[in-house]
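Here the structure is laid out as structure tokens; the discussion comes afterwards.
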Amino acid sequence: MRTSLAVFLGCTLLAGTPLALHANGGGTMSMPSVKPETPLERAKSLYNEGVRLVKRGDGAKTAEKARVAYGKAVEKFTGSTGLAPDLHEAWNYLGYSYRKLGDAAAALDAYDRALALKPDYANAIEYRGQAYLALGRLDDAKGAYLALYPANARLADQLLAAMRDWVQSQRQSPGSVPATAVDEFGQWVDERARLATSTASLTREGSPAPTWQ
Amino acid sequence: MSLLVALLLASAWQWQLGPGFAPPAIPSDNPMAAGKVSLGARLFAEPRLSVNGTTSCASCHDPAHAFADPRPVSIGATGEPLATNAPSIVNAAWRAAYGWRPGGETSLEQQLRRPLFNRAPVELGIADHEDEILARLAADATWRDAFNAAFGEDPAPITIDHVIAALAAYVRSLTGGRSAFDRHVFGGDHTALGADARRGLDLFYSSRLGCGGCHGGLLFDGPWKDAAHPRVQAAVAQSVTGAGAFRVPSLRNVAVTAPYFHDGRAATLDAVLDRYAEARRFTLSPRERAELLAFLVALTEPPWQPAAP
């Protein structure tokens, strides 16, 4: 499954900086701000630049172009979190960019930082679940799914789909996880898929209309 | 103020929530606190809180039956039968509205005025006897201590408002979510539901039976409210008994909350299923019936969970 950030990109750009999108739109420098940027403003600018690079990476035609974009994004988000260590969105995207570069361990560290700041940050829980999968940490991946299931059915489904892909790929080209563990995990995932279908009305998003008849 | 009192007041409330549950919405003027909850627990079981010293909340909300009444309809302090069966109040903190009929109170503090003050029929019957009942409590040093521990900041803490606040806090503390169902579905332990109960789950949520369409949500009573979603509407539906519209009741702990329906007319879950099969025109094979029952029983949690067959 391809994880696309496009769905929520629109609302994750941070406002409140003189160099944000609109100010610099079209690539030309508009009205230079007289006041120097504060560290937080600079962090937000770097974050916004990083998000644009992530978007470029997600839409890249070739793997090489994507790699370059994610690599640059890592630099932006690293700069951003260095200046504003409380910016949980930046930690989340740093994790995302690392994961896209294939560095699941670094991604995991970044997600941990995001979730330490905002424990119910559903997007980071989902991404961290994917990082756990990549690292073969199956119990932790299950935990991520179970945290999402009652709270955010859409992201839970997304992680479940990634889990199914992972099982598939492990069966095709076995990795470090033993085959029995892969099978057991595959059965767990199948049961979750059955439950997710039948118990939609159990979760908030699937809960029934307020009045009946 | 004694040190103990100060400690109790200061101790923040820790929710013990089952997997899947988010903290309930708490009114800002009645925050949870350990001293208040233990005062509420004591008041809940105290017959002196009724007009003639015979009846407590626990007389109708029996802790041994998940705080529901095992009698078809509840009986008030003066012997008058009520119109309805007292439902379980476990998990009441998440309920969108209270009472069997549509349009019930949406806050526990409001709802609790009913059992305390209702006159026709009388439940605890304390209307017009408030001062006398408060004086009874104030005469007892252990009650004075308990009210001080909960409301010590107030120079005269033994008041009806504080009785209601403590009872509401106690009712909110009655949280569940540890049934086999929860362990399976929210906890991810896929050995928790036996094969029968697991097939019963599919039946319950199937479009043929449609139980989950009304008994949806965490409590199996439709939309629930929590701290993040404090305003939701309670689910209401026509009863299969033909008696009109009722709020969809929760099915948690249903194995120990007999008799069933608003007036306790069904003595067993089997009788409930008979009514549904007739009214909603489906047939259940004996095997399916056993599976559906196994599922309903699996919604019941310790300490009420029946021993494995």
Side-chain angles (χ1 to χ4, degrees), chain A residues 118-123 125-126 129 132-133 137-153 155-157 159-160 163-164 167 180-213, chain B residues 17-23 96-97 102-103 177 181-193 198-207 210-229 231-239 244-248 295:
Chain A
K118 197 173 183 315
D120 59 353
Y121 189 11
N123 290 306
I125 296 176
E126 201 265 319
Y132 284 140
L133 264 186
R137 289 174 58 175
L138 302 184
D139 282 342
D140 290 324
K142 286 179 183 178
Y145 177 82
L146 292 170
L148 290 171
Y149 167 76
N152 194 317
L155 290 178
D157 283 348
L159 181 55
L160 198 63
M163 288 172 156
R164 293 187 121 166
V167 170
T180 49
V182 172
D183 280 344
E184 225 169 84
F185 185 67
Q187 279 163 23
W188 191 89
V189 170
D190 288 345
E191 168 68 346
R192 290 322 304 184
R194 284 190 295 267
L195 286 171
T197 320
S198 50
T199 62
S201 74
L202 185 66
T203 59
R204 191 170 289 284
E205 284 151 75
S207 70
T211 44
W212 224 88
Q213 295 185 355
Chain B
L17 301 181
F21 283 79
F181 170 86
D182 294 296
R183 296 197 301 278
H184 192 105
V185 172
F186 292 111
D189 171 7
H190 296 167
T191 62
L193 286 181
R198 179 63 186 82
R199 281 191 293 270
L201 179 151
D202 286 337
L203 281 168
F204 184 87
Y205 289 106
S206 67
S207 50
C211 316
C214 289
H215 297 282
L218 274 180
L219 305 182
F220 301 86
D221 66 351
W224 69 101
K225 68 176 182 195
D226 58 29
H229 309 83
R231 265 177 292 278
V232 293
Q233 269 205 318
V236 165
Q238 292 297 322
S239 167
F246 289 89
R247 216 194 62 213
V248 178
F295 172 72

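Residue numbers start from 1 in every chain, and the chains themselves are labelled A, B, ... in the order their sequence lines are given, proteins ahead of strands. Because only heavy atoms are used, hydrogens play no part in the values below, and waters and symmetry mates are left out as well, while side chains stay in.
- B:D202 CG to A:L195 CG: the interatomic distance, rounded to the nearest 0.5 Å, is 8.0 Å.
- At a 4.5 Å heavy-atom cutoff, B:F204 makes no contact with chain A through either its backbone or its side chain.
- Side-chain atoms of A:W188 come within 3.5 Å of backbone N or O of B:G188 as a donor-acceptor pair.
- In this structure, the salt bridge (charged side-chain N to carboxylate O under 4.0 Å, His left out) partners of A:K142, at least two apart in sequence or on a different chain, are A:D139.
- Here CZ of B:F181 is found 6.5 Å from OG1 of A:T199. Values are rounded to the nearest 0.5 Å.
- B:L201 has its side chain within reach of A:S198: a pair of non-hydrogen atoms, C-beta onward, lies under 4.5 Å apart.
- Taking each heavy atom of A:S201 and B:G212 in turn, the nearest pair found is OG-O, 3.1 Å.
- Here the closest heavy-atom approach between residue A:T203 and residue B:W224 is recorded as C-CH2, 3.8 Å.
- Heavy atoms closer than 4.5 Å to chain A are found nowhere in B:L219, neither backbone nor side chain.
- The structure places CZ of B:R198 at 4.0 Å from CD of A:E191, a figure rounded to the nearest 0.5 Å.
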